[in-house]
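Presented below is the structure to which this report refers.
Below, read A as the first sequence line, B as the second, and so on, with proteins coming before strands; counting in each chain starts at 1. In this text, all values refer to a predicted model and were calculated from it rather than measured experimentally. Side chains are part of it too, since the values below use all heavy atoms of this structure and drop only hydrogens, waters and symmetry mates.
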There are 2 protein chains.
Amino acid sequence: MEFNDWAILEKRVIGWIRKAADHLRASLSNPLEISEKSAHNDLVTNMDRSIEQFLVGKIRDTYPEHKIISEEGYGDGSSDTNGILWLLDPIDGTLNFVMQKRFFAISIGVYENGRGRAAFIYDVMGDEFFHCLSGQGAYQNDIKLSPLTEIKIEDALIDMSTTWLKPNRRIDQDIMTEIVRKSSGTRAYGAASLELAYVAAGLLDAYFTMRLSPWDYGAGLILLNEVGGLYSRADGEQINILSRTSILAARPGLHEYMIQHIKEQVAEGKFLTEPQ
Amino acid sequence: MEFNDWAILEKRVIGWIRKAADHLRASLSNPLEISEKSAHNDLVTNMDRSIEQFLVGKIRDTYPEHKIISEEGYGDGSSDTNGILWLLDPIDGTLNFVMQKRFFAISIGVYENGRGRAAFIYDVMGDEFFHCLSGQGAYQNDIKLSPLTEIKIEDALIDMSTTWLKPNRRIDQDIMTEIVRKSSGTRAYGAASLELAYVAAGLLDAYFTMRLSPWDYGAGLILLNEVGGLYSRADGEQINILSRTSILAARPGLHEYMIQHIKEQVAEGKFLTEPQ
């Protein structure tokens, strides 16, 4: 049976996210329980788990036939994109959440047979909601976002972590040097879903990272697509939405320029490795 | 005659800044007139000039005997720190102002015979006011900031532009590599006064740059001093508040660790050059 109540889904999800956000805000005065996952700066808190359980519960109760991939594992995982798939991050930017108590987001992207249909990214403390239903325009709160226009590298503000500019396992530290130097400036906010939403909203001109998981970028890519933003892996290949992947998201023109630059650097022998 | 009405000064300045901010916010729907100064990404707009003229006018009318150093040159400049000196930036983070229409600040620091007395840093769009009178506690809006405690590099969130990690005239690109890799993460927001205020507020653990002007850091250093934050040039020397300078501002402990690291790198032959 085809799913066709996207407008009702949007209304419901916005309501669930606002309720989860109220809970998160109220929790900020309580002590957090923090654990390390894969690394010293890969954290999870009791609040990541609690928010994910709440949202997964709502999705399962309302849409029992849908599949869910979520950061803390309360979803059912999935190995294919058939049917309707939710990509859910209860707190994107956990390090910001723990250390700054601001600049973190709840991110939910909904795909149908691999095609982006609905996106929700909510900056909890900034009270800024980026959302869209594909084909119906993207919104920053109540303001409809304009289609992204082209820009030259010299005028571009680029979001990029310092990680990819120093020795690391994924990318030769020199590949992005010329991009950084030619650009108007770089920024780094530490919450991928918001950084992708900022590209969609024209607050940033590009976002680059060598390692993101489906729940980090699922919503952001749908939002970008809606405003004509371009995205791919760092090597220019298409992103598989079930995989950890590199991502270069940018305005048209700038995306082609940056991919071309990376390809030339790789052709000269510099290394670039997708996450496994 | 000794100046002693600091509480009245604080009240006045907060009022002037709020009025200037109202004007700035209202201007965002009008087209900006943008000019380049020293470089492609060193911008000035009609609004920088207009806000500076307004604030300089208020200071001159109210405190004709005080001196003013300000970014766009409507102050009188000054070659010494005798008496009362205002360091004023009408829009810190002009690139953010132009490109993002957010994350810029009005910054005013007031010094008496070279000693910080009053600081005001207002995030115009975020409506967040960092302010203090020295000796009376620092505030983030109405919340009194706590004294900064020590932290290890592994737990630290460090604000640093990518500029200083790639070939540049001021610092060997490898000096900060170990700091970046050992830290919990890096951030870059592109508005020095706010980045210094964030260190004071514990939202960041350190801020590092090789090039700032008195109006960029004048207020931030006063705020930091009030909460026990440490600051110096990158080489550990004292900052001359009339000079363009490098700045390393950090929590106690972390500041010593980072300065020690930089000194060791310089002793090994890597270069570090103060701006002229």
Side-chain angles (χ1 to χ4, degrees), chain A residues 34 36 39-43 93-96 98-103 123 125-128 140 143 151-168 173-191 195 198-199 201-205 208, chain B residues 34 36 39-43 93-96 98-103 123 125-128 140 143 151-168 173-191 195 198-199 201-205 208:
Chain A
I34 304 168
E36 290 176 18
H40 187 67
N41 57 0
D42 183 17
L43 305 175
T94 299
L95 196 63
N96 289 348
V98 170
M99 298 182 73
Q100 305 187 313
K101 296 190 192 306
R102 64 167 75 182
F103 217 81
D123 175 348
M125 302 311 288
D127 189 23
E128 189 161 57
Q140 179 178 7
I143 298 166
I151 197 172
K152 284 182 302 183
I153 181 70
E154 289 79 7
D155 294 320
L157 200 57
I158 297 178
D159 189 306
M160 196 185 314
S161 164
T162 56
T163 305
W164 316 122
L165 302 174
K166 289 294 164 187
N168 71 86
Q173 63 173 317
D174 292 328
I175 286 185
M176 301 307 283
T177 301
E178 188 185 310
I179 299 283
V180 167
R181 297 191 68 187
K182 277 194 174 172
S183 74
S184 199
T186 62
R187 299 288 181 267
Y189 301 106
E195 289 163 303
Y198 280 12
V199 178
L203 297 166
L204 292 168
D205 301 304
F208 174 77
Chain B
I34 304 169
E36 289 176 18
H40 186 68
N41 57 1
D42 183 17
L43 304 176
T94 299
L95 197 63
N96 289 349
V98 170
M99 298 182 74
Q100 304 187 313
K101 297 190 192 306
R102 62 166 77 183
F103 217 82
D123 175 347
M125 302 310 288
D127 189 24
E128 189 162 58
Q140 179 179 8
I143 298 167
I151 197 172
K152 285 181 301 182
I153 180 69
E154 289 80 8
D155 294 320
L157 199 58
I158 297 179
D159 190 307
M160 195 184 315
S161 164
T162 54
T163 306
W164 318 121
L165 302 174
K166 289 294 164 186
N168 70 87
Q173 63 173 314
D174 292 329
I175 287 185
M176 302 306 282
T177 301
E178 188 184 312
I179 299 283
V180 167
R181 296 191 67 188
K182 276 194 175 172
S183 74
S184 199
T186 61
R187 299 288 182 266
Y189 301 106
E195 289 162 302
Y198 280 12
V199 178
L203 296 167
L204 292 168
D205 301 304
F208 174 77

Counting only N and O atoms by type, is there a donor-acceptor contact under 3.5 Å from the side chain of B:K166 to the main-chain atoms of A:M176?
no
Turns out that what part of A:R181 lies under 4.5 Å from chain B's heavy atoms comes down to side chain
Between A:A156 and A:S183, the two heavy atoms sitting closest are O-CB, 3.6 Å
Turns out that what part of B:Y198 lies under 4.5 Å from chain A's heavy atoms comes down to side chain
Is a side-chain donor or acceptor of A:E195 paired with a backbone partner of A:G190 at a separation under 3.5 angstrom? yes
With a 4.5 Å limit on heavy-atom distance, are the side chains of B:R102 and B:D123 in contact? no
Whatever's closer than 4.5 Å to a heavy atom in chain A on B:E178 counts as neither
So, does A:D159 use its side chain to make a donor-acceptor pair with the main chain of A:V199 at under 3.5 Å? no
Residue from A:P167, A:A201, A:G202 scoring the most non-hydrogen pairs under 4.5 Å with chain B is A:P167
With chain B, the option among A:D205, A:T163, A:N168, A:T186 that has the most non-hydrogen atom pairs under 4.5 Å is A:T186
Greatest number of non-hydrogen atom pairs under 4.5 angstrom with chain A, of B:S161, B:G126, B:A188, falls to B:A188
